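This one's a predicted model, so the numbers in the text were calculated from it and none came from an experiment.
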Amino acid sequence: MRWTQTFIPTMKETPEGAEIPSHVLMLRAGLVSQLMAGAYTYLPLGLRALKKAERIVREEMDRAGAVELLMPALHPASLWERTGRREAFGNVLIQFSVRRQNREVHLVLGPTHEEVITDLVAHHINSYRQLPLTLYQIQTKFRNEERPRFGVLRTSEFLMKDAYSFDTSLEGLNRSYDKMYEAYCRIFSRCGLDFLPVEAESGPIGGDASHEFMVLADNGEDVVVYCPETGYAANVERAEIGPRKPQRPDVPLEPLKKVDTPGVTTIEQVSQLLKVPPSQLIKTLIYLADEQPVAVLIRGDHEANENKIRRALGASQLELADVDTIRRVTGAPVGFAGPIGLSIPIWADHDVAGVVNAVVGANQADQHYVGANLGRDFEVPDEHFADLRNAQAGDPAPGGNGTLQVRHAIEIGHVFKLGTKYSEALNARFLDAQEQQHPIIMGCYGIGINRILAALIETQHDERGIVWPLSLAPYEVLIDPLNVSQPEVMDAAERLHDQLTEAGIDVLLDDRDVRAGVKFKDADLIGIPLRIVIGGRSLKEGNVEVKWRWQDEPQRVPHETAAQTIVNMLDERRQQEAARVSASSAST
RNA sequence: CGGGGCGUAGCUCAGCUUGGCUAGAGCGCUGCGUUCGGGACGCAGAGGUCGUUGGUUCAAAUCCAAUCGCCCCGACCA
């Protein structure tokens, strides 16, 4: 391809509003262009990279035995009512009505396809002989994101690979799940990503196991907790904390005293007003667990984890109590709840036991207690102590003697054991050999294709631009003839272009009549792995210059055998990239 | 949904506080010339209903109100 025939609008300056490297570089390198908040056009260069990622995903899904199909993006709203998810998704679900003849048809744009695929399978699968089966598609999904951000990382329209497995037994589900897990490792390795599979929260509904595939990046929206010593890694929503033995500091107990704290409701405000560190405060959160109010005590510098709380209480639903409930059970407005004198059940995170002379709400407007002490001023039964908070850096790792670390990450894939939630709701059953009917056991597996690109760029760039791996690069080779008006230079460039194209290599020829500096800057910006410079100077010596994007200095290779040299270099590099794939598969 | 910021040329931005000639710069773009191995230089140009609507005023990019859009922080995220 010649540069002047395609469309690569590179930019020298950073467009307003682009904050993180992947967003800035995708815009500047002419990969994407924004149409509105959360919607981007893929320009030719960006589309080529996207297609390469898509192809890798497709190849590995096929290899793992999954079968491709394509479902509609347009769904009848009624289907979403049958699983209750029209309500559950709420405003994120894009819904609308159209008129047909004289009736109103309610439609949604699919944010995911559990309903559609389960409905499909319910119609066509009846027997255990037809199972197991894993189906997938690569398709645009729609979600009305409340807040699209970070360029292509969080958009309301995005390309997703979603796969669904159907099995007759839990063992079968586990086999299907492991195959997908394995395929994911191969996919992300082939894409050149440094990824980390982590345990993930599987939510109040659905299955019993879930992993997310994360790429560590400071600008990621997710938070992962991991332990270098034990290898434990989990999403912060899921991460357990190892055994804790909170020590009560050996200081004399102070008398309980009420103090005025007018209008001071947050931990930070209380901490500042009373000049005590947040770790000296105990916050009292009032929850409704299956409609019943409970109080949960968390040390002031910690964050409550609602999933842990819900599990500890054995509740199926948990939400923060509304203002009226808080007023009814504490007798005070929001912000002044405390454990002293509460008549509802009280639960506490383990670390609360280590706080002496604590500051707590007084269950009275504009009042807090200081010098509050467990056992003297309020009670929490032993069996009501549990791990109820988010892990923090420095916490003990579960089941080991390591220490947890915390990093931000970008979620690029998710594998999830669903169970029978959808097959039961939508009547997807199979008949076993004994003619017994059972709901089909499902798993679902998603990959954000756009996020593969964003995560790659976010982690693989330098101050000059993108550094593509060969596997995702829009073009593998960029030929830069430095002076297009010198016939011998242009001839050499075109001949090389044709030879490499003939050899099946993706080649871009920068035939623009611009100064060398412009070509070099753009070459670094768009990040094509192998750059071939053809200039009058080296050509006179019978050489062309070859340089990998990640190297500083070019090497000179003889002009007449350049094509073969380049083909060999690419082959060698592809083998190096492939070696990472087997390494990652071996380790799982 | 709560808090904040910004809308002026294709892009990045100045001008607005304190209203007043024909609305500016850099980059980009067009033409000509000189240059030509890391974003060259000169000359001549094209390009803007100052987001939109309404108000105040003799006069609005500038002040006021509403509205639309974009961005950031937080909440939310099957």
Which nucleotide in the list [options] gets nearest to the side chain of [X]?
X        : options                : value
A/Gln34  : B/rG28, B/rG37, B/rC70 : B/rC70
A/Glu146 : B/rG39, B/rC76, B/rU12 : B/rC76
A/Lys521 : B/rG39, B/rC1, B/rC36  : B/rG39

What verdict does the ring pair (Phe, Tyr, Trp, His ring centres under 6.0 Å) test give for A/Tyr422 and A/Phe166, after you've listed the backbone C-alpha separation in whole Å, the side-chain angles of each residue and the deciding distance to 0.1 Å? CA-CA 11 Å; A/Tyr422 297 99; A/Phe166 302 89; over 10 Å; no
Quick one: ring pair (Phe, Tyr, Trp, His ring centres under 6.0 Å) partners of A/Tyr226, sequence neighbours excluded?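 Scan of A/Tyr226 (ring pair (Phe, Tyr, Trp, His ring centres under 6.0 Å), adjacent residues dropped) gives none.
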[N] pairs with, by Watson-Crick or G-U criteria that keep both distances under 3.5 Å:
N      : value
B/rC76 : none
B/rA59 : none
B/rA40 : B/rU34
B/rG45 : B/rC29
B/rU52 : B/rA66

Indicate, with a heavy-atom threshold strictly under 4.0 Å, whether A/Val92 touches base, sugar-phosphate, or nothing. nothing
So what does A/Ser538 touch, heavy atoms closer than 4.0 Å: a base, only the sugar-phosphate, or nothing?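 Base, at least one base atom sits under 4.0 Å.
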Could one point to a donor on the side chain of [X] or the base of [N] with an acceptor on the other under 3.5 Å away?
X        : N      : value
A/Glu16  : B/rG5  : no
A/Arg531 : B/rG38 : yes
A/Asn483 : B/rG37 : no
A/Glu545 : B/rG37 : yes

So, is A/Gln486 close to the B/rC36 phosphate, meaning a side-chain N or O under 4.0 Å from OP1 or OP2? no
Are any of A/Arg537's side-chain N or O atoms less than 4.0 Å away from OP1 or OP2 of B/rG37? no
Residues pairing under salt bridge (charged side-chain N to carboxylate O under 4.0 Å, His left out) where one sits in residues 12-35 of chain A, two or more places apart or in two chains, turn out to be none
What's the shortest heavy-atom distance between A/Leu478 and A/Ala523, and which atoms?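 Result for this residue pair: CD2-CB, 3.4 Å.
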Check this for me, if you would: do A/Asp462 and A/Arg464 make a salt bridge, where the nitrogen-to-carboxylate-oxygen distance has to be below 4.0 angstrom? no
Looking at A/Arg389 and A/Asp349, is any side-chain nitrogen of the basic one under 4.0 Å from a carboxylate oxygen of the acidic one? yes
Using nucleotides 72-74 of chain B, report all nitrogen or oxygen pairs with the protein that are shorter than 3.5 Å.
unit_1	atom_1	unit_2	atom_2	d
B/rC73	OP2	A/Arg147	NH2	2.3
B/rG74	N7	A/Arg147	NH1	3.2

Please answer whether the main-chain N or O of A/Ile457 pairs with a side-chain N or O of A/His461 as donor and acceptor at a distance below 3.5 Å.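 Looks like yes, one N/O pair under 3.5 Å.
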